[in-house]
Amino acid sequence: MMAEFQRPRGTRDFTPEAMSTRRFIEAKLRKCAERFGFGEVMTPTFENTELFVERSGETILDDMYAFQDKGGRDIALRPELTAPIMRFYVNELASRPKPLKVFYFGNVFRYERPQSGRYREFFQFGAELIGAPSIESDVEIIALALSCLKDVSLENIEVRIGHLGILECILEESQLPKNLYGICLRYIDKQDIKTLKLLLSENGIDPEKQDTLLSIISMKGGRDVISTVQTMVEGGDDAFVYLANLLTKLTKYGFEGCTVDFGVARGLDYYTGMVFEIDSPSLGAEKQICGGGSYNLAELFGGEEVNSTGFAFGFDRVMLALEKDSVEIPTKGIRAYIIPIGQSTRPTSFEILRTLRENGISADIDLMGRKISKALAYANSIKTDKVILVGEKELVNDSVTIRDMDSGDQQTVNINDIAEHLKT
RNA sequence: GCCGGGGUAGUGUAGCCUGGUAACAUAUGGGACUGUGGAUCCUCUGUCCCGGGUUCAAAUCCCGGCCCCGGCCCCA
């Protein structure tokens, strides 16, 4: 048999086993966000293309699944979820009590060349905290991201926190024309030192200032780095204090090991202050599993200015990282598998099946009419905890044999006690 | 968009260099063992990514495409 159809490039099918582990992790993330007081929201899979162009500029059209629908409307499959959430906010949620805390989990689409940890349809889990312009909001967001990773037991991570205020300050000092800030931040984010240097030289930036800038953006470390850099920069005091306080407040949440990295720029114009990224060193080229920061988008979408801060996880990369780090994820099977021995016991077997299911116990039964040996092999393959052997001999005494699939131990249980027996 | 490595039963592989009837393991389905054999034994089915070229003959060599893996670019 020849497979007639293939999946579109960069997409994936998920097996029952894969879905089981994905849902397990997903549930942990959701629970964590809810514990932090965030509520889940959902927006459409596609939006008007304009929304994303407004946010990121015409160039992202190349990287989007954008098309015209039958009514001639320009439509795009969402490439990310922050813009849709902010649109939702401006449309309907703006008058809600502040702060507004929302989270999401959804598929997103990008027309890019697939590679390790990069697909054309992938999944993002993220949160946005809207309307609370305090440092505590930024801390709350970072703490949520870190707590999520803690809850899924991903320990091998690198957290890098930066501040655009400081970068801006440095750029101002270097007297680079303001219209080049965007490009410059882009190079900084990419750590493209060569091109950055070229840009600075071309614009007649004092070589000494160049060196200062270059050394600052490559600096990362703990609290001491903040003070070191502060001595190299004039002004920007507020931002330095902010970063220092941020680290202090994070420790109150129990998070110590965050590093400060002045090279985190997240090449986008609407980020305003704190920015952060989380990497999993176990992954290859695509090792960033999370990105976030404080931003202002509402105004751009026609709403009132409102401070927001948020992050997004690359869910698939989190799953990859968990796999690389060999984090165990429990596989769940069913509680009981019923094997009728011989035709005569099948009616009673189905009664037992029904009783178990009505008692909230996951249960399945042999539908193939198999003999014990093969039925046991099947039961083993679907990872059931117990097997219930329903045979004539036991039924004479209204009982069945329950076999524990881990130990192989068996015991005789009265039919009326099966549900109770399996609950423990 | 660019570079490299790949694509052989459901899965994992051998065969490719050096062209000559496509194989092994495992899984699935069926059967035997007549109530514990999660075993063992027997057995059916099932494969060269697609298209073109070279050749008497292509899984094998050549070209193009598609897809996968790794990297570049990009990464909202």
Side-chain angles (χ1 to χ4, degrees), chain A residues 1-13 15 17 47 51-64 76 78-86 108-120 122 124 126 182 186-187 189-190 192 195 265-271 275 277 283-293 295 297 300 310-312 314 317 320 337 339-345 368-384 386-395 400-412:
Chain A
M1 179 103 65
M2 185 105 56
E4 188 92 17
F5 297 106
Q6 289 183 311
R7 260 171 312 180
R9 180 161 208 206
T11 61
R12 290 158 297 159
D13 297 311
T15 62
E17 294 77 25
E47 297 269 356
L51 177 70
F52 303 110
V53 173
E54 188 68 33
R55 183 201 179 179
S56 313
E58 292 282 343
T59 52
I60 42 105
L61 273 175
D62 296 338
D63 301 325
M64 280 201 296
R78 58 188 179 192
E80 49 98 25
L81 277 153
T82 302
I85 301 268
M86 289 314 289
V108 295
F109 306 82
R110 294 183 187 178
Y111 192 86
E112 292 182 303
R113 174 106 186 195
Q115 62 189 66
S116 179
R118 178 185 277 190
Y119 307 95
R120 288 189 169 176
F122 60 103
Q124 284 192 331
R186 203 160 265 267
Y187 292 143
D189 187 46
K190 280 194 284 188
D192 186 348
T195 320
R266 301 200 55 73
L268 272 181
D269 299 337
Y270 55 83
Y271 280 103
V275 285
E277 292 178 348
L283 300 181
E286 303 292 320
K287 64 182 179 8
Q288 189 185 325
I289 57 173
C290 181
Y295 59 90
L297 260 184
L300 194 61
F311 69 80
R317 290 185 188 174
L320 266 177
Y337 186 72
I339 303 176
I341 301 172
Q343 282 299 313
S344 64
T345 60
M368 302 284 279
R370 286 189 173 106
K371 300 279 170 56
I372 295 183
S373 175
K374 292 234 165 141
L376 276 173
Y378 179 78
N380 189 46
S381 77
I382 61 168
K383 296 187 171 55
T384 181
K386 310 274 188 184
V387 157
I388 301 174
L389 294 155
V390 185
E392 281 171 18
K393 283 183 203 164
E394 296 92 327
L395 279 186
V400 296
T401 298
I402 298 184
R403 179 184 181 89
D404 184 282
M405 290 299 277
D406 277 334
S407 63
D409 295 343
Q410 298 192 162
Q411 50 185 303
T412 306

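Worth saying up front: this structure is predicted, and the values here are computed from it rather than measured. Every heavy atom of this structure was used, including side-chain atoms; hydrogens, water molecules and symmetry mates were not. In the text below, chain A, chain B and the rest are named by the order of the sequence lines, each starting its count at 1.
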TODO: Remember a base hit wins even if backbone is also touched, and classify A:G284 as base, sugar-phosphate or nothing at under 4.0 Å, heavy atoms.
DONE: sugar-phosphate
Open item on the list: Taking the P atom in each of B:rC42 and B:rA27, what is the distance between them to the nearest angstrom?
Closed with: 13 Å
Interface polar pairs with nucleotides 29-36 of chain B, N/O, under 3.5 angstrom:
| from | atom 1 | to | atom 2 | distance (Å) |
| --- | --- | --- | --- | --- |
| B:rG29 | OP1 | A:R370 | NH2 | 2.3 |
| B:rG31 | N7 | A:K374 | NZ | 3.4 |
| B:rG31 | O6 | A:K374 | NZ | 3.0 |
| B:rG35 | O6 | A:E392 | N | 2.9 |
| B:rG35 | O6 | A:K393 | N | 2.6 |
| B:rG35 | N1 | A:E394 | OE1 | 2.8 |
| B:rG35 | N2 | A:E394 | OE1 | 3.0 |
| B:rG35 | N2 | A:E394 | OE2 | 2.3 |
| B:rU36 | O2 | A:R403 | NH1 | 3.2 |
| B:rU36 | O2 | A:Q410 | OE1 | 2.3 |

Open item on the list: So A:I382 and A:Y337, do their side chains get closer than 4.5 Å, heavy atoms only?
Closed with: yes
Open item on the list: Check A:E286 with A:R317, please: is the shortest side-chain N to carboxylate O separation under 4.0 Å?
Closed with: yes
Task: Between B:rA76 (P) and A:I85 (CD1): distance, integer Å - done: 18 Å
- [ ] Give a yes or no on whether the backbone of A:D409 and the side-chain of A:R403 come within a donor-acceptor separation of less than 3.5 Å.
- [x] no
TODO: Take the protein atom CZ of A:F109 and the nucleotide atom P of B:rA76, then report the distance between them rounded to whole Å.
DONE: 19 Å
Task: Base B:rC68 paired with A:R12 side chain (donor-acceptor, <3.5 Å) - done: no
- [ ] Determine yes or no for a side-chain-to-main-chain donor-acceptor pair under 3.5 angstrom, with A:R110 supplying the side chain and A:M64 the backbone.
- [x] no
- [ ] Look at all strands and tell whether A:D192 reaches a base, only sugar-phosphate, or nothing, counting heavy atoms closer than 4.0 Å.
- [x] nothing
- [ ] Scan A:G10 against the nucleic acid and name what it touches under 4.0 Å (heavy atoms): base, sugar-phosphate only, or nothing.
- [x] sugar-phosphate
TODO: Could you tell me the separation between the CD atom of A:Q6 and the C1' atom of B:rC68, rounded to a whole number of Å?
DONE: 10 Å
Task: Under 3.5 Å on both distances, the Watson-Crick or G-U partner of B:rU60 - done: none
Open item on the list: What is the distance, to the nearest angstrom, from the CZ atom on A:R118 to the P atom on B:rG1?
Closed with: 14 Å
- [ ] Rounded off to whole Å, could you give me the NZ-to-C1' distance for the A:K287 and B:rG70 pair?
- [x] 16 Å
Open item on the list: Judged by each residue's nearest nucleotide on RNA chain B, which is more toward the 5′ side, A:K190 or A:M405?
Closed with: A:M405
Open item on the list: Between B:rG15 and B:rU60, how far apart are the two P atoms, rounded to whole Å?
Closed with: 15 Å
Task: A:D62 CG - B:rA76 P separation (whole Å) - done: 16 Å
Task: B:rC67: pairing nucleotide in any strand, Watson-Crick or G-U under 3.5 angstrom - done: B:rG6
TODO: Quickly work out the A:E286 CD to B:rC69 C1' distance and round it to whole Å.
DONE: 14 Å
Task: NZ/NE/NH1/NH2 to OD/OE distance under 4.0 Å, A:R7 and A:D13 - done: yes
Task: A:R9 side-chain N/O to B:rC68 phosphate OP1/OP2 under 4.0 Å - done: yes
- [ ] State whether A:S116 places a side-chain N or O below 4.0 Å from either non-bridging phosphate oxygen (OP1 or OP2) of B:rG70.
- [x] yes
Open item on the list: Can you classify the ring geometry of A:Y295 versus A:Y271 as parallel (below 30°), tilted (30 to 60°) or perpendicular (above 60°)?
Closed with: perpendicular
Open item on the list: I want to verify a distance call: between B:rC66, B:rA76, B:rG1, whose nearest atom is closest to the A:R113 side chain?
Closed with: B:rG1
Task: Integer-rounded Å distance: B:rC69 P and A:R120 CZ - done: 12 Å
Open item on the list: Strictly distance-based, threshold 3.5 Å: is any side-chain N or O of A:T345 a donor or acceptor partner for the main-chain N or O of A:V390?
Closed with: yes
Open item on the list: If I pick the C1' atom on B:rC62 and the same atom on B:rU47, what distance separates them, to the nearest angstrom?
Closed with: 24 Å
Open item on the list: Both conditions, 6.0 Å and 45 degrees, for the charged tip of A:R120 above the ring of A:F109: are they met here?
Closed with: no
Task: C1' spacing across the pair B:rA25 / B:rG71, given as an integer number of angstrom - done: 34 Å
Open item on the list: Using a 3.5 Å distance criterion without hydrogens, assess whether the side chain of A:E80 forms a donor-acceptor pair with backbone atoms of A:A83.
Closed with: yes
Open item on the list: Using the P atom as the point on both nucleotides, what is the distance between B:rU13 and B:rA58, in whole Å?
Closed with: 28 Å
Open item on the list: Under a 3.5 Å cut-off for both contacts, is B:rU36 paired Watson-Crick or G-U wobble with anything, and if yes, with which nucleotide?
Closed with: none
